[in-house]
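Below, chains carry the letters A, B, ... as their sequence lines are ordered, and counting in each starts from 1. Basis for what follows: all heavy atoms, side chains included, without hydrogens, waters or symmetry-related copies. In this text the structure is predicted, and so the values were computed from the model without any measurement.
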Amino acid sequence: MKKKVTTSTVTPSLHINDLLEALEDGYYEIDSHWRYIYVNKTGERLAGIPKEKMLGKSVQDLFPDVLNLPFHKAAEQTMTKKKITIVEAYYPKQQKWYQNSMYPTKDGIAIFAKDISSQKQIEENLLFLSKASEILSSSLEYQTTLNTVAKLSVPRMAEWCGVDLLDSHGILQQLAVAHKDPKKVKWAKQLRKENPTDLSAPTGVPRVLRTGKSELYPEITDAMLVAAAKSPKELTLLRKLGMTSVMIVPLFAKGKAIGAISFVTTTSQKSFSKKDLVMAEELASRASLAIENARLYTQAQKAISLRDEFISIASHELKTPVTSLRIYTQVLAQNAQKKNDGTQKYLKKMDAQIDKLTTLIQDLLDISKIQIGKLQFHDDEFDMSAVVHELVETIQPTLSKHTLQISGKTQNHVHGDRDRISQILINLITNAIKYSPQADKIFIMLSQKRGKVTVAVKDFGIGIDISHQKKIFERFYQVTDPNERTFPGLGIGLYIAKEIAKRHGGDITVESSKGKGSTFSLILPIKKQ
Amino acid sequence: MMKQRILIIDDDIDILEAIQFMLEDAGYSVTTSEKGEYVEHLYDQKGALPDLIILDLLLSGKDGRIIAKELKSHKKTQHIPIIMISAHPIGEAAIKQFGVDDFLAKPFAITDMLTKIKTHLS
């Protein structure tokens, strides 16, 4: 049997109008002639016009400015094309953001207007903070970046924004002051010059510096100005400034307040709230970080230049004792040779150690010169082949195991510092010997091609892992491999060699495979650089 | 045979003594001048000039470069060979700039020094 479903019409106890009136959003209905035919209570409040004055009047008559707003275009879309549109708009008069959702009705449109100002504020604050952070981290010149940040705050956050920092003498310096009117900025700077801040003042920036806590004055009364002014002249100036609301947030370095950012409004429309203060404090903490970074950087730079200076002086000072030590040892070694008393062997060893010491000192001196850009070069013109042959003749007799084999030749002479180029080649050859203890051959290959001369030094030693190949040219870099025996040295030879090569318009390159050996090539241009 | 006399001018007493030791060991007669006030050490007791001068580039007293110019511009002394020594590896440039006869960078090998001296004294 079929059961009949019955429906009954029930009149709701709550009428639709009651619902609309209870809405927190503004609600408007507009007919095809753009006339208001319905406005709810919130809508009345948002528009700022009583309902009676709105109904029957057109949107354009009541709000002539609306024609230029994106709101109007969207409303037209809904009106003519019967499409739902949603548009966010700022209403300067109310200083509020609304989200208008517009729906087509039978013969017009219905609009829901939602106040999204606080949401917008959060979005804008985030945007502002991220912009400020970007500016602050763009450069280590915090004077410049803070100035930019102050400008960015105006007029969005306040009419005036000022940044003050204590200098190394403990005097408060105005680092930045911003106002949309440049004339006023000039005036404020002049004012400050004539009236330096008294750090013992009971209020304002001095108080923030003492307490390390922000100050918020939502409203500035004339009585407050009278209390703050130290002279009738100052009072006149303060009144002229026309402050209505002020907030001051501290800037910190190493946990100590070292400055402050001040925000001042001069229109009665806006007064700073706790929310604004939170935002200002966030900005100040980012600015503090930027200042701290810049200070650390300056300190690091100073330390580096002190270190370089120290290396330079120390290596120079080391030369004198080494010089005299070398003379005595060599004279003694000569005499021992004449006497043939068996001490000669040890004196020769001493002399060889002094030689190593000399090279180390020379390398340190070179590195400090490279650092301060004072490595000087002579301009010689020489035959690279001749230099290589000379070096091999000098080095070969000192080697017990390795044979140095030269191949190839160069046609043209090269320009550059003969001694410095020799230094590079000695470095490459001694490295080849040092890192191929099991091998007995080193190949030195000369070639010339496309305006460049190349001297390649090839060994059959331990080789360099690909991951280390770039780094070996870095200063103080040493390959440390737990499975490998360690090779002594400061890790500066290749760095110096590459620097010298680069300064000659050339380069040093490496080709290597671990366990098979390495080839280091010195490449130099033939033409004068 | 008379020993050949070498005058060493250097402000560093340690270097001065070491070079003196080396040169005396090699059979030369040595006079030293520490402060760059070399004039009083120029002549020996018999009034003779040194056969060779070893001069440091930078003396804390008088600048070695000025001394070199003085010696080389004076008729009586310009024939005396000067070997300049320095911790600054300026090399050949010193010979051209200051008119000295030779240059050695500190620290040098004594054989280099002795070879150079022999060359200039022969």
Side-chain angles (χ1 to χ4, degrees), chain A residues 312-339 347-348 350-366 368-369 374-382 394 398 416-423 496 500, chain B residues 6 8-30 32 34-36 54-61 64 83-98 102-118:
Chain A
S312 168
I313 292 168
S315 46
H316 215 90
E317 285 301 310
L318 283 169
K319 274 194 169 186
T320 304
V322 167
T323 303
S324 64
L325 199 57
R326 200 173 185 204
I327 292 170
Y328 289 116
T329 314
Q330 289 182 355
V331 173
L332 286 177
Q334 270 187 359
N335 291 348
Q337 194 173 9
K338 283 177 213 155
K339 285 182 201 155
L347 286 163
K348 283 258 182 212
M350 274 175 71
D351 192 36
Q353 293 304 313
I354 294 168
D355 265 352
K356 277 190 185 170
L357 199 55
T358 307
T359 313
L360 285 175
I361 293 167
Q362 192 55 51
D363 282 354
L364 279 176
L365 204 57
D366 283 350
S368 70
K369 278 183 184 163
K374 276 196 180 163
L375 195 64
Q376 285 173 348
F377 297 108
H378 300 138
D379 183 21
D380 310 316
E381 191 190 333
F382 58 92
T394 323
T398 66
D417 191 319
R418 198 180 196 273
D419 291 341
R420 288 295 186 185
I421 300 298
S422 301
Q423 187 186 344
I496 294 169
I500 295 172
Chain B
I6 297 173
I8 317 165
I9 309 170
D10 197 320
D11 58 345
D12 193 302
I13 186 89
D14 294 329
I15 299 281
L16 214 54
E17 279 183 355
I19 301 176
Q20 183 174 14
F21 171 71
M22 167 185 97
L23 296 181
E24 279 174 351
D25 186 78
Y28 296 103
S29 152
V30 175
T32 59
E34 195 191 330
K35 297 272 180 226
I54 292 168
L55 175 64
D56 185 53
L57 170 66
L58 293 161
L59 296 145
S60 50
I83 300 175
M84 187 168 261
I85 52 172
S86 170
H88 300 274
I90 47 166
E92 305 290 310
I95 298 170
K96 282 181 206 148
Q97 274 181 36
F98 318 122
D102 223 325
F103 177 85
L104 263 178
K106 287 181 189 173
F108 47 81
I110 62 161
T111 44
D112 287 345
M113 173 68 97
L114 292 173
T115 313
K116 281 192 193 291
I117 291 172
K118 255 184 208 161

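- With a 6.0 Å radius and a threshold of 12 heavy atoms from other residues, nucleotides or ligands, A:E317 has its CD atom at or below the threshold.
- The minimum heavy-atom distance between A:I327 and B:A18, with the atom names listed, is CG2-O, 3.2 Å.
- Among the candidates A:D351, A:D380, A:I354, A:V331, the residue making the largest number of heavy-atom pairs closer than 4.5 Å to chain B is A:V331.
- The distance from atom CG of A:L332 to atom CG of B:D25, rounded to the nearest 0.5 Å, is 8.5 Å.
- Applying the side-chain contact (heavy atoms from CB on, under 4.5 Å) test between B:P107 and each of A:L357, A:D355, A:T358, A:L325 identifies A:T358 as the sole match.
- Neither the backbone nor the side chain of B:A26 comes within contact range of chain A, judged by heavy atoms closer than 4.5 Å.
- Neither the backbone nor the side chain of B:I85 comes within contact range of chain A, judged by heavy atoms closer than 4.5 Å.
- Considering every non-hydrogen atom in both B:I15 and A:S324, the closest pair reads CD1-N, 4.1 Å.
- Considering all non-hydrogen atoms of both residues, A:R326 and B:F108 come closest at NH1-C, 3.4 Å.
- The side-chain hydrogen bond (donor to acceptor under 3.5 Å, both in side chains) check on B:K106 picks up B:D10, B:D56, with sequence neighbours excluded.
- The residue among B:L114, B:D12, B:T111, B:L16 with the most heavy atom pairs within less than 4.5 Å of chain A is B:D12.
- One finds the CG atom of B:D112 at 8.5 Å from the CD atom of A:Q330 (value rounded to the nearest 0.5 Å).
- More than 12 non-hydrogen atoms from other residues, nucleotides or ligands lie less than 6.0 angstrom from NZ of A:K338.
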